[in-house]
Engineer: 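I have a structure I would like to understand better, so I am pasting it below and will then ask my questions one at a time.
All chains are named by letter (A, B, ...) in the order of the sequence lines, taking the proteins before the strands, and each is independently numbered beginning at 1. The analysis underlying the following values was restricted to heavy atoms, covering all of them including side chains, and did not include hydrogens, waters or symmetry mates.
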Number of protein chains: 2
Amino acid sequence: MIETHLAKLRARDTISEEEEQVIRASLGEVRELRAHVTCIRAGERLSASTLLLDGLMCRYKDLPGGERQITELHVAGDFLDLHSFSLKQLDHNVMALTPCRVVLVPHAKLTEITETQPHLARVYWFLTALDAAIHREWELSLGRRSAIQRIAHLMCELRVRLGLIGQADDDGFSLPLTQSDLSDCTGLTPVHVNRTLRDLRERGLMDFRGRRVTIHDLAGLTALAEFDDSYLYLRREER
Amino acid sequence: MIETHLAKLRARDTISEEEEQVIRASLGEVRELRAHVTCIRAGERLSASTLLLDGLMCRYKDLPGGERQITELHVAGDFLDLHSFSLKQLDHNVMALTPCRVVLVPHAKLTEITETQPHLARVYWFLTALDAAIHREWELSLGRRSAIQRIAHLMCELRVRLGLIGQADDDGFSLPLTQSDLSDCTGLTPVHVNRTLRDLRERGLMDFRGRRVTIHDLAGLTALAEFDDSYLYLRREER
DNA sequence: CGGACAGTTGACCTATTTCAAATGTGGTGG
DNA sequence: CCACCACATTTGAAATAGGTCAACTGTCCG
């Protein structure tokens with residue numbers, strides 16, 4: 001059930017058998033979510049964090065005028081709101097983009113981990129720091145990259161993150177997002193996303209059609225995006 | 001020396017006398033930095049985190065073409081890179097914007113805190129989650145707010161954060177930034193920042209001159225920015 | 001077969017950028 | 001104390017990336 005989660009942790013640090021058992025013991029209720037359901041709302045008091053088992057989800061913030069910004073995408077094995085353990089309530093919403101399966105991890109269990117499993121606590125602290133690193137890279141994209149670079153960069157990021165859990169290879173990956181979702185990730189309009197995707201296709205770099213990203217020229221895409229995966233902290237360290 | 005830091009923690013949780021002593025005992029070398037010095041570079045291996053005692057600093061990322069995005073501003077009492085404890089190296093640079101004084105906190109001391117002071121560890125974990133919340137709000141600004149809203153929003157944020165440490169009131173605050181720094185925060189060009197500041201002045205909302213922000217109409221500025229401070233988590237909680 | 005979306009395209013618009021030049025301003029050395 | 005230099009700020013004119021509006025075309029369910 002949590003193999004993708006463990007794979008993600010073990011890509012970054014050593015997780016002992018005992019720690020794996022502690023993680024498994026911390027899992028609570030499993031829930032199924034339908035696509036487009038907002039399952040956590042900003043300001044709600046929370047007593048459990050949510051781990052994504054399957055599907056694609058996102059964090060987003062809306063402005064009073066209705067403009068939406070997705071602040072991060074989540075793939076299987078990601079915690080959607082590990083930070084709700086620290087924050088107790090969120091400053092953003094969390095939504096399923098596709099049908100999803102999640103499992104709850106009660107904050108009480110996480111408190112216990114901080115009391116008795118300091119190394120595992122540091123690994124989970126690391127996960128929240130990794131989230132922040134992704135946010136920073138998105139700030140850079142939103143603030144300083146052109147439309148085509150933003151989209152190319154996002155695709156490069158997703159290829160790596162999905163690759164970690166065996167859901168992407170050099171040819172591409174399944175991405176059940178609409179162009180409008182993509183516009184909310186990149187701070188663009190849906191119309192401009194459409195034109196930019198055509199541009200990427202015409203340049204022979206990649207194709208996003210039928211909920212699938214097909215990469216035709218990974219090197220070219222990476223170069224256009226100026227993508228450097230170091231912000232994803234893929235090296236193993238003692239945390 | 002670390003009064004601003006303690007004030008910031010105590011605005012969000014209860015810190016016992018003992019914990020305060022643990023924090024004080026974790027402090028290492030104090031350093032003075034001149035303005036415009038980059039003191040931490042992306043990719044460097046780090047063995048201590050840095051706490052800002054005095055001055056204004058920032059985290060920033062550069063693109064190969066030279067475009068810069070500042071991803072967060074830091075005021076006295078902020079950790080500049082508490083996350084380097086988890087990450088071991090950073091994905092961004094850290095620079096002094098004014099002359100600054102900082103103190104190092106060795107990662108070994110932080111490890112010790114996670115082993116022996118679980119509550120304090122949770123408080124520090126919270127600080128990194130708060131950083132991420134600020135990053136998310138900046139993503140929203142960069143992706144979806146207009147130039148004038150971005151600047152107004154940033155000023156509202158700074159007023160609250162500086163207010164927490166007694167360096168701002170309703171009339172304004174000292175802000176020793178250039179318009180060019182401001183453009184790197186907001187993803188705009190310096191020229192447009194200049195015009196937008198004039199616009200804010202002409203609307204009677206605020207004035208940024210001579211390294212000082214003077215707020216003429218806080219309610220109007222807040223409304224224009226659609227500023228809501230909940231992402232700064234100012235309420236006290238048991239973490 | 002129809003209805004609700006998702007994607008596509010064209011024409012036009014505008015917020016912001018770009019480029020260039022002029023005008024402060026604060027610090028330094030003579 | 002002044003001259004000068006390096007920056008920071010300000011302004012104008014022209015250019016453009018991306019937005020807006022509106023219509024048309026899939027496409028997938030029910």
Engineer: A:H83: what forms a ring pair (Phe, Tyr, Trp, His ring centres under 6.0 Å) with it, not counting sequence neighbours?
Structural biologist: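 By the ring pair (Phe, Tyr, Trp, His ring centres under 6.0 Å) rule, A:H83 matches A:H92.
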Engineer: Going through the distances and angles, do B:T178 and B:D181 end up as a side-chain hydrogen bond (donor to acceptor under 3.5 Å, both in side chains)?
Structural biologist: CA-CA 5 Å; B:T178 65; B:D181 294 332; 3.2 Å; yes
Engineer: For A:R212, look at atom CZ and say whether over 12 heavy atoms of other residues, nucleotides or ligands are found less than 6.0 Å away.
Structural biologist: yes
Engineer: At under 4.0 Å between heavy atoms, what does A:G210 touch on the DNA or RNA strands: base, sugar-phosphate, or nothing?
Structural biologist: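 The residue A:G210 makes no contact with any strand.
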Engineer: B:S47: which residues meet the side chain to side chain contact (heavy atoms under 4.5 Å, CB included) condition with it, sequence neighbours left out?
Structural biologist: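 Not a single residue meets the side chain to side chain contact (heavy atoms under 4.5 Å, CB included) criterion with B:S47.
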Engineer: Between A:D81 and A:R59 (salt bridge meaning N to carboxylate O under 4.0 Å), is one present in this structure?
Structural biologist: no
Engineer: Any residue in residues 145-155 of chain B with a heavy atom nearer than 4.0 angstrom to DNA chain C? Just list them by number, or reply none.
Structural biologist: B:S146, B:A147
Engineer: Give the B/S/- string for nucleotides 3-9 of chain C, one per nucleotide from 5' to 3', where a protein heavy atom under 4.0 Å of the base yields B, of only the sugar-phosphate yields S, and otherwise -.
Structural biologist: ---SSBB
Engineer: Which letter, B, S or -, goes with each nucleotide of nucleotides 25-30 of chain D from 5' to 3', with contact meaning a protein heavy atom under 4.0 Å?
Structural biologist: ------
Engineer: Answer yes when B:R144 and A:D184 have at least one side-chain N-carboxylate O distance shorter than 4.0 Å, and no when they do not.
Structural biologist: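 Looking at A:D184 together with B:R144, the answer is yes, because their closest N to O distance falls below 4.0 Å.
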Engineer: I'd like to know if the side chain of A:H135 reaches the main chain of A:E72, judged simply by a donor and an acceptor atom lying under 3.5 Å from each other, with no hydrogens or angles considered.
Structural biologist: no
Engineer: Checking B:E202 now: which residues fulfil side chain to side chain contact (heavy atoms under 4.5 Å, CB included) with it, not counting sequence neighbours?
Structural biologist: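 For B:E202, the residues satisfying side chain to side chain contact (heavy atoms under 4.5 Å, CB included) (neighbours in sequence not counted) are B:R198.
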